[in-house]
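Step one of this worksheet: look at the structure below.
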Amino acid sequence: MKYVIIIPDGCADQAIDDLDGKTPLQAAQLPAADKIAATGIVGSANNTPAHFPAGSEVANLCLFGYDPNVYFTGRAPLEAAASGIDLAPGDFAIRCNIVSIVDGVMKDFTADHIDNESAAELIRIANDHLLTGEVLGDAALAGRFEFASGVSYRNLLIYRGDDSIAAPFATSSVTRAPHDLTDLSVAQDFPRGPGSDLLVKLMDASETMFAESDVCKRLEAAGKTRPTHFWLWGLGGAPNLPSFESLHGVRGVMITAVDLLRGIAALAGWPRIEVQGATGYLDTDYAAKGRAAIEALEKYDLVCVHIEAPDEASHEGRHDAKIEALEQIDMHITTPLL
């Protein structure tokens with residue numbers, strides 16, 4: 001038996017007046033998906049229990065059969081796994097977005113999709129200038145932190161604990177995802193709870209660092225939206241998932257361009273196929289993902305293809321781009337796989 005999971009991330013939506021009261025999913029021309037729905041079995045599943053925040057981290061864990069009440073510790077630890085960053089008991093991972101905040105409003109949670117090289121340079125500067133006793137008020141504590149480069153605006157801050165002191169963070173610490181704040185004031189959404197003072201100090205200090213950075217000046221001169229801050233969120237401790245194969249006897253593989261899904265795959269024991277041209281954005285190479293999935297079916301029992309493009313279109317408020325992404329998925333991924 002062969003299995004394929006296609007995840008058109010963020011495909012659901014509300015009805016839109018410009019689409020005559022249809023959702024983008026209803027307006028899109030999706031013959032292959034329609035055929036699967038007509039000839040297969042259609043059901044509903046709740047992939048986000050009510051007491052968890054609605055987001056990809058919990059939804060995808062549930063989709064793959066992992067109870068978040070048992071296995072979910074936070075979003076950032078899942079992304080740390082994608083980068084091969086091991087977390088020990090007492091360690092914490094914190095998601096670090098490079099963002100653009102103007103007059104207290106979240107103008108762009110991606111800093112205009114900052115390029116990898118510029119993002120990595122900002123992370124290097126942060127490790128040198130933000131992780132000091134002067135910023136955090138404690139040199140020994142500052143030495144327990146390290147910024148880690150990811151992909152574009154998606155980066156991490158790692159805290160290394162030990163048995164000699166209590167961790168400054170806790171599962172009760174509360175943060176807000178920056179993509180939920182697009183075009184909204186951030187004034188009431190800074191971190192709260194245990195350790196929030198440390199995160200806010202770093203976020204505040206990053207404003208000065210970005211203002212003085214040649215990287216940000218160069219990006220602005222090139223016509224890009226200027227990065228202004230780090231936004232820290234999604235923190236959590238070390239997760240521990242049993243392998244998918246040990247639970248189900250099925251060998252899976254992941255195709256994605258997003259660290260969150262890469263991390264879940266790593267923790268589930270799935271290898272990852274990195275597809276050239278897969279970007280995690282609207283310009284991704286849909287056809288290359290479809291070809292890679294077909295090739296993977298020869299070797300694996302289950303192939304999961306995750307496509308971030310519809311979700312990115314949603315965050316940008318572009319229903320036309322969302323319809324286009326869904327139709328590209330149907331044409332270049334769903335059709336050839338079916």
Inset, instruction - Could you tell me whether the side chain of Ser213 and the main chain of Phe210 form a donor-acceptor pair under 3.5 Å? - result: no
Legend entry - Least distance between heavy atoms, Leu136 atom then Ala142 atom: CD1-CA, 3.7 Å
Inset, instruction - Determine whether Val186 and Trp231 make a side-chain contact, defined as any pair of heavy atoms from C-beta on separated by less than 4.5 Å. - result: yes
Inset, instruction - Verify the neighbour count for atom NZ of Lys201: are there more than 12 heavy atoms of other residues, nucleotides or ligands below 6.0 Å? - result: yes
Inset, instruction - Report the relative orientation of the aromatic rings in Phe169 and Tyr159; use parallel for angles under 30°, tilted for 30 to 60°, perpendicular for over 60°. - result: perpendicular
Inset, instruction - Report yes or no: does Arg160 contribute a side-chain atom to a donor-acceptor pair with the main-chain N or O of Arg144 at less than 3.5 Å? - result: no
Inset, instruction - Assert yes or no for the condition that the ring centre distance of Trp233 to Phe109 is strictly below 6.0 Å. - result: no
Inset, instruction - State whether Asp259 and Arg262 are salt-bridged, where the test is any N-O pair (Lys NZ or Arg NE/NH1/NH2 against Asp/Glu carboxylate O) under 4.0 Å. - result: yes
Inset, instruction - Verify, without hydrogens or angle tests, whether Asn116 (side chain) and Val151 (backbone) share a donor-acceptor contact under 3.5 angstrom. - result: no
Inset, instruction - In plain terms, say whether Arg154 and Glu79 are close enough for a salt bridge, that is, a side-chain N and a carboxylate O under 4.0 Å apart. - result: no
Inset, instruction - Measure across Gly21 and Gln26 and return the closest heavy-atom pair with its distance rounded to 0.1 Å. - result: O-OE1, 4.4 Å
Legend entry - Beyond-backbone contact of Leu232 with Arg95, side-chain heavy atoms, under 4.5 angstrom: no
Legend entry - Neighbour count >12 (heavy atoms, 6.0 Å) for atom CG, Asp197: yes
Inset, instruction - Work out which heavy atom in Ala278 is nearest to a heavy atom in Thr284; give both atom names and the distance. - result: CA-OG1, 3.2 Å
Legend entry - Lys224 (side chain) donor-acceptor with Ala111 (main chain) under 3.5 angstrom: no
Legend entry - Pair Leu198-Leu141, side-chain contact (heavy atoms from CB on, under 4.5 Å): steps then yes or no: CA-CA 10 Å; Leu198 299 173; Leu141 180 63; 3.6 Å; yes
Legend entry - Glu327 side-chain N/O to Gln29 backbone N/O, donor-acceptor pair under 3.5 Å: yes
Inset, instruction - Check whether any side-chain heavy atom of Asp91 lies under 4.5 Å from a side-chain heavy atom of Ile158, and answer yes or no. - result: no
Inset, instruction - Please confirm whether the backbone N or O of Pro336 pairs with a side-chain atom of Arg291, one donor and one acceptor, at under 3.5 Å? - result: no
Inset, instruction - Mark yes when over 12 heavy atoms from residues, nucleotides or ligands other than Lys299 sit less than 6.0 Å from its NZ; otherwise mark no. - result: no
Legend entry - Val305 side chain reached by Ile329 side chain, heavy atoms, under 4.5 Å: no
Inset, instruction - Please check if atom CG in Asp17 has more than 12 non-hydrogen atoms from other residues, nucleotides or ligands closer than 6.0 Å. - result: no
Legend entry - Backbone of Ile85 reached by a side-chain donor or acceptor of Ser83 within 3.5 Å: no
Legend entry - Distance-only donor-acceptor check, side chains Asn69 and His51, under 3.5 Å: yes
Legend entry - Any donor-acceptor pair under 3.5 Å from Tyr66 side chain to Phe244 backbone: yes
Legend entry - Glu308 backbone acceptor or donor facing Asp311 side chain under 3.5 Å: no
